[in-house]
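For reference, the structure discussed in these notes is given below.
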Amino acid sequence: MTEPLFYAPLATAAEEAGYHSMVTSTAVLTGGRLVLGAGISPWREDYEVLGVEWASRGRRMDESIAILRGLAAGGYFEYHGTVFDLPPVKIAPVPAEPIPVLIGGHSDAALRRAARLGDGWLHGGGDPADLPGLLERLARFRAEEGTEGRPFEVHVISAGAYTLDGVRRLEDQGVTDLIVGFRWPYVTGPDTEPLDDKLTHLRRYADTILTRL
């Protein structure tokens with residue numbers, strides 16, 4: 001099973017190339033199973049601590065994705081953008097296939113970025129009542145960007161993932177993948193649940209949902 005690597009670029013051009021080298025190496029080491037999750041931090045403090053301009057965060061993300069794809073293609077690659085200026089450089093190893101980039105975020109800018117540049121979209125949870133609107137906006141942006149015909153993954157957190165009818169309703173709305181868990185992710189302190197109980201949860205989900213789809 002592959003878990004997304006969440007990554008938000010806050011770096012110089014040299015650091016950017018170094019980070020992307022770690023990403024491509026991970027893709028190679030996992031046999032091409034890496035799916036890269038990319039999102040922009042919503043907290044100004046993250047940028048202030050690093051001395052990075054808040055206003056250019058979207059453009060920084062766009063350029064970072066372009067650099068990743070250029071470097072991951074193999075051969076020498078250079079980039080001259082508004083934020084990053086990268087001389088010809090080559091990294092190795094690189095994967096045999098492109099690394100899928102799933103872009104997260106609920107704002108119009110994030111959804112449009114996913115539609116324009118991403119191989120998919122990552123839902124961040126929140127009020128279940130907001131999900132249909134998010135999916136509708138995403139579909140609209142894909143149509144406006146002319147990307148509705150290409151392969152695109154939609155990863156969603158939803159209580160609907162725990163029933164067969166719920167899964168089918170989400171599929172009808174364009175959801176391709178569901179993010180499920182059996183422990184509240186924001187609990188602080190050590191996880192005291194025994195491994196056998198965790199495995200039981202997974203097996204029960206497989207038996208009641210996965211094998212019946």
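- Residues R113 and D62 form a side-chain contact, since some pair of their non-hydrogen atoms from C-beta on lies under 4.5 Å apart.
- With hydrogens and angles ignored, the 3.5 Å screen pairs no side-chain donor or acceptor of E63 with any backbone N or O of G81.
- The aromatic rings of H106 and W121 lie tilted to each other, with the angle between the two planes from 30° to 60°.
- Not a single donor-acceptor pair under 3.5 Å links the side chain of T24 to the backbone N or O of A72.
- Panel note: side chain H20, backbone S64; a donor-acceptor pair is recorded below 3.5 Å.
- Here the CG atom belonging to L71 is positioned 8.5 Å from the OG atom belonging to S21, to the nearest 0.5 angstrom.
- The shortest side-chain heavy-atom distance between L170 and V154 does not fall under the 4.5 Å cut-off.
- Just one of R142, R69, R150 meets the salt bridge (charged side-chain N to carboxylate O under 4.0 Å, His left out) condition when paired with D119; it is R69.
- Nearest heavy atom pair, residue G125 against residue I157, reads N-CD1, 3.8 Å.
- Minimum heavy-atom separation, G104 to A110: O-CB, 3.7 Å.
- Nearest heavy-atom pair, A27 versus T30, reported as atom, atom and distance to 0.1 Å: O-OG1, 3.2 Å.
- Counting non-hydrogen atoms of neighbouring residues, nucleotides and ligands closer than 6.0 angstrom, the NZ atom of K198 exceeds 12 such neighbours.
- Two residues are said to be in side-chain contact when any heavy atoms from C-beta on lie closer than 4.5 Å; D177 and V156 fail this criterion.
- The shortest heavy-atom contact between P95 and V28 is N-CG2, 3.5 Å.
- When hydrophobic clusters are built by joining Ile, Leu, Val, Met, Phe, Trp and Tyr residues whose side-chain heavy atoms come closer than 4.5 Å, directly or via intermediates, V49 is not grouped with Y19.
- Rounding to the nearest 0.5 angstrom, the gap separating the OH atom in Y205 from the OG1 atom in T211 is 11.0 Å.
- If you take CZ on R137 and CG on L111, they are separated by 5.0 Å, rounding to the nearest 0.5 Å.
- Counting heavy atoms from C-beta on, the side chains of I103 and M61 never come closer than 4.5 Å.
- Note on V94: it does not cluster hydrophobically with Y76, by side-chain heavy-atom contacts below 4.5 Å among ILVMFWY residues.
- Rounding to the nearest 0.5 Å gives a distance of 11.0 Å between CG of L138 and CG of D108.
- Side-chain N or O atoms of R168 include none that pairs as donor or acceptor with a backbone N or O of D165 at under 3.5 Å.
- Side-chain heavy atoms closer than 4.5 Å link hydrophobic residues (I, L, V, M, F, W, Y) into clusters, and following such links, even through other members, never connects L29 to L36.
- The minimum heavy-atom distance linking E153 with T176 is given by the pair CA-OG1, 3.3 Å.
- Side-chain contact between Y47 and I40: present, with at least one pair of heavy atoms (C-beta onward) separated by less than 4.5 Å.
- Residues A129 and P132 approach most closely at O-CD, 3.5 Å, considering heavy atoms.
- At least one side-chain heavy atom of L135 sits less than 4.5 Å from a side-chain heavy atom of V175.
- No side-chain heavy atom of L86 sits less than 4.5 Å from a side-chain heavy atom of E78.
- No side-chain donor-acceptor contact under 3.5 Å links H155 to the backbone of L122.
- Taking the charged nitrogens against the carboxylate oxygens, E144 and R112 do have a contact shorter than 4.0 Å, which makes a salt bridge.
- Environment of CD in E148: crowded, with over 12 heavy atoms of neighbouring residues, nucleotides or ligands closer than 6.0 Å.
- Between atom OH of residue Y79 and atom CG of residue L68 there is a gap of 12.5 Å, rounded to the nearest 0.5 Å.
- Rounding to the nearest 0.5 Å gives a distance of 5.5 Å between OG1 of T163 and CZ of R169.
- Linking ILVMFWY side-chain heavy atoms closer than 4.5 Å, directly or via other members, places L117 and L134 in two distinct hydrophobic clusters.
- Under a hydrophobic-cluster definition in which Ile, Leu, Val, Met, Phe, Trp and Tyr are linked whenever side-chain heavy atoms come within less than 4.5 Å, directly or via other members, I209 and Y162 are assigned to the same cluster.
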- prompt: Is there a side chain to side chain contact (heavy atoms under 4.5 Å, CB included) between T147 and F152 once you walk through the steps?
  reply: CA-CA 9 Å; T147 59; F152 192 86; 5.9 Å; no

